[in-house]
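Since the structure comes first, as structure tokens, the remarks are kept for the end.
Here, residue 1 is the first one in the sequence, and each next residue gets the next number. Whatever order the structure lists them in is the order used to number ligands and atoms, beginning at 1.
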Amino acid sequence: MAALSEEQREALINSAFEGKEFSYSPYSKFRVGAALLASDGTIIKGANIENASYGGTICAERTAIVKSAVGSSLMEIVCCPTSDSLRQSEGKRSFAALAVVTDVKSAISPCGLCRQVIREFCAQDMPILLVPADYPQFNKDSGDAEKGVKQTSIGELLPDSFGPEHLELPRGTI
Ligand code: THU
């Protein structure tokens, strides 16, 4: 997977912070923002959206993935039937990077359910940037070039995982 440019990295991280502003988290008060860089360069933002029936909560990472995968073709029907720009937009399911940020001053890692959903759409080695809340101030004096960002991948976060290709394997007859 191609390395991210410094510009792409900054734009993606800033978008994750922007996504966090849309968090609906009245129950946990734990805001999470995510941003996905699609292969065509588009950035899609997400936030955690909680529910009074707690199990209905959707994490920021999954919000971004589902928003992206559906694209605005659904939105145009629901809210903007005459918008040309929306009509031209299509669902994106090929991604180059993901950034995740919370209000915690250390890098927070995606939950297990989100890892499995990320696994569905992202390459094993696609960069996943876990961003501390105080980025880019983090460790300003330490000379840390990563500014506290922990870079990982779904291959690291979810080793020996189950994915779409496994459904293609030959199976015994039933
Ligand atoms: N949350 C996320 O948005 N992403 C994760 O990977 C971990 C947890 C959200 C869900 C819930 O709204 C809040 O954080 C506390 O669990």
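Judged purely by distance below 3.5 Å, without hydrogens or angles, the side chains of S23 and N48 pair a donor atom with an acceptor atom.
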Distances for all N or O pairs of ligand 1 and the protein under 3.5 Å?
| from | atom 1 | to | atom 2 | distance (Å) |
| --- | --- | --- | --- | --- |
| ligand 1 | 3 (O) | A60 | N | 2.9 |
| ligand 1 | 4 (N) | E61 | OE1 | 2.8 |
| ligand 1 | 6 (O) | E61 | OE1 | 3.4 |
| ligand 1 | 6 (O) | E61 | OE2 | 2.8 |
| ligand 1 | 6 (O) | C111 | N | 2.9 |
| ligand 1 | 12 (O) | N48 | ND2 | 2.8 |
| ligand 1 | 12 (O) | E50 | OE2 | 2.5 |

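Between E10 and K147 there is a salt bridge, since at least one side-chain N of the basic residue sits less than 4.0 Å from a carboxylate O of the acidic one. Checked for salt-bridge contact, K20 and D103 meet the test: a charged N lies under 4.0 Å from a carboxylate O.
Minimum heavy-atom separation, L37 to I43: CD1-CG1, 3.8 Å. When all heavy atoms are compared, the tightest approach of E61 to C114 is OE1-SG, 3.7 Å.
For the side-chain hydrogen bond (donor to acceptor under 3.5 Å, both in side chains) with S161, the lone residue among R119, R115, Q116 that qualifies is R119.
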